[in-house]
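First the structure, in the form of structure tokens, and then the observations on it.
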Amino acid sequence: MFRALNRQSVRAYSSAAAKAHDLVVIGGGPAGYVAAIKAAQLGYDTACVEMRGKLGGTCLNVGCIPSKALLNNSQFYHQILTDSKARGIDVDPKAVALNFPALMKAKEKVVNQLTGGVEMLFKKNKVTYYKGRGSFDSETAVRVSPVEGLDGSVPSDILLEAKNILIATGSEVSPFPGITIDEERIVSSTGALALKEVPKRLAIIGGGIIGLEMGSVYSRLGSKVTVLEYQDKIGASMDDEVAATTQKLLKKQGINFKLQTKVMAATRNGDVVNIEMENAKTGAKDAIEADVLLVAVGRRPYVQGLNADKIGLEVDKRGRLVIDDKYSTKFPHIKVVGDVTFGPMLAHKAEEEGIAAVEIFKTGYGHVNYNNIPSVMYSHPEVAWVGKTEQELKSDGVQYKVGKFPFVANSRAKTNMDTDGFVKILIDAQTERILGAHIIGPNAGEMIAEAGLALEYGASAEDVARVCHAHPTLSEAFKEANMAAFDKPINF
């Protein structure tokens, strides 16, 4: 089926070369492919241009999906080695062996299934898919430079006339000044997902979600992991209390942290990476060696090759394409969504923007609630949050109350023998309306959806607490935290 789709796409280059589309989407990641499907469902003759040759963008190919596959399977391996006896399962540790190539192959299988699935959705919704790099030829024309055909030849460029254009080119790994990434010993997140073996010593520059997730994977598989973070806390935008608890639990799992640490240089010497650093507060010098260094200092908008300057699209000092509140550039028919413009670089945020932008094209109306964008870190325990943090409320001078409930008091967590963490609810002191929710614990990434629904509809803590939650479930901890916010919990 995949080969058949490829042939169909290659044939489309010549037949669609002179064809005009109602909408051309540049980029086939979460923002782009979702927008293309939605546009087709709304009746647009829609085309999507993707240079990777596989749909899904960073998320499906070298980000969210492969990392979650590694996180899930490494956690199974870790639990077999460490939890089995307590659960009444006798396992000989000497008989448990990690098949790292097979672990990586399982990850690739999932990626291929999902990227192929998006191609099938394009076919189902009659979205024309061009495999190539899209760039502006004018404000109404996109030039496609196709990737190689099945026979190894490179088809000629195609010019697409478009009534509307949506830019969704995503982001790329941010470089670290003075450090050369070779994707072997000094790697980006892309390289970390494709290592040939488990490193004995893994150093990570950056204590954000990407660094901590990759650190969790390789720590479980046997690496000695050291996280080097410039700030005095990990977790970037996490609530401070949750971040401190997360660090404590990850340290207990074997991950070492060096906070307020500024990396000065990193040099590869054969199979060893020498890392020089200094304390950001005192200036004290230090150095460590690693077998692999992961540079995880964030991502930056991807605009290379777009030819945006040819038509005068504005780029801000952070490299993001500038848009108005309807996602429009200076041309109303050219909109921008996802990582290449403002806001958190999250796949689900990009998807919502893609749908909103298409709806604006069609009806003039579309909406994303930027105060209700959840974040999840898929460590163990998981960490998830939405809405305001406690430090933000303090900074804004908002009077608030806190409700907390620990998973150690939750019956399902007890039976699962997975009791680390808590649910934390922040509410307005006068109205008791929920302002933020922060969860560290089992199934946090799924549970945060209830918090998002409550925020979207302006629910109070009492509203949530009076909803009957099934017993025994982990979600009862969410209910009890809301009870604690406006009154008292029952089970703690």
Side-chain angles (χ1 to χ4, degrees), residues 29 50-54 56-71 73-74 98 100-112 115 133 147-148 169-229 263-277 288-305 319 339 345 347:
E50 169 55 51
M51 70 178 186
R52 192 186 297 270
K54 295 176 75 174
T58 294
C59 179
L60 262 67
N61 288 279
V62 290
C64 320
I65 298 304
S67 65
K68 302 314 164 282
L70 292 182
L71 281 159
N73 293 338
S74 64
L98 174 66
F100 191 64
L103 189 80
M104 289 297 191
K105 188 175 181 180
K107 171 205 67 173
E108 290 303 318
K109 181 179 179 181
V110 172
V111 169
N112 290 332
T115 55
R133 178 185 290 274
V147 295
E148 287 187 358
T169 48
S171 61
E172 64 179 350
V173 172
S174 293
F176 193 100
I179 296 180
T180 301
I181 292 176
D182 60 17
E183 299 297 18
E184 292 179 352
R185 293 292 170 178
I186 302 178
V187 302
S188 69
S189 55
T190 301
L193 291 167
L195 294 179
K196 302 301 182 185
E197 60 184 9
V198 178
K200 292 181 180 179
R201 299 168 299 177
L202 173 66
I204 301 171
I205 304 177
I209 291 178
I210 294 174
L212 296 177
E213 286 188 346
M214 287 295 94
S216 292
V217 167
Y218 287 103
S219 176
R220 296 167 189 166
L221 299 180
S223 296
K224 180 181 179 182
V225 177
T226 302
V227 175
L228 312 173
E229 170 56 50
V263 175
M264 306 302 293
T267 307
R268 177 178 177 177
N269 294 304
D271 291 339
V272 175
V273 181
N274 299 109
I275 305 161
E276 299 174 25
M277 51 201 177
I288 61 171
E289 290 185 348
D291 300 294
V292 172
L293 170 64
L294 166 59
V295 180
V297 293
R299 301 181 64 82
R300 65 181 181 183
Y302 186 82
V303 295
Q304 288 81 345
D339 287 4
M345 291 184 175

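Applying the side chain to side chain contact (heavy atoms under 4.5 Å, CB included) test to Ile209 and every residue at least two apart in sequence or in another chain returns Glu213, Met377, Trp385. Taking the side chain to side chain contact (heavy atoms under 4.5 Å, CB included) definition, one finds that Thr267 meets it with Asn269, sequence neighbours left out. Taking Ala203 as the reference, Ile275, Ile288, Ala290, Leu293 meet the side chain to side chain contact (heavy atoms under 4.5 Å, CB included) condition, with sequence neighbours excluded. Residues satisfying the side chain to side chain contact (heavy atoms under 4.5 Å, CB included) criterion with Ser223, sequence neighbours excluded, are Val198, Pro199, Leu202, Tyr218, Val225. Residues forming a side chain to side chain donor-acceptor pair (under 3.5 Å) with Arg299 (at least two apart in sequence, or on another chain): Thr58, Ser171. Qualifying side chain to side chain donor-acceptor pair (under 3.5 Å) partners for Ser67, counting only residues two or more places apart in sequence or in other chains: none. Listed by chain and residue number, Arg201 satisfy the side chain to side chain donor-acceptor pair (under 3.5 Å) test with Asp291 (two or more places apart in sequence, or in another chain). Contacts of Glu183 classified as salt bridge (charged side-chain N to carboxylate O under 4.0 Å, His left out), with partners at least two apart in sequence or in another chain: none. The side chain to side chain donor-acceptor pair (under 3.5 Å) search around Glu276 returns none, not counting sequence neighbours.
A donor-acceptor contact closer than 3.5 angstrom links the side chains of Lys54 and Asn112.
Under the 4.5 Å side-chain criterion, counting only non-hydrogen atoms from C-beta, Val173 is in contact with Ser189. The side-chain heavy atoms of Leu71 and Arg220, taken from C-beta on, include a pair separated by under 4.5 Å. Proximity of Glu172 to Gln304: side-chain heavy atoms (C-beta onward) are separated by under 4.5 Å at one or more points. Two residues are said to be in side-chain contact when any heavy atoms from C-beta on lie closer than 4.5 Å; Val295 and Ile179 meet this criterion.
Residue-environment remark: NZ (Lys224) stays at or below the threshold of 12 foreign heavy atoms within 6.0 Å.
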* Asked: Between Glu50 and Arg133, does a salt bridge (charged side-chain N to carboxylate O under 4.0 Å, His left out) hold up when you go through it step by step?
  -> CA-CA 6 Å; Glu50 169 55 51; Arg133 178 185 290 274; over 6 Å; no

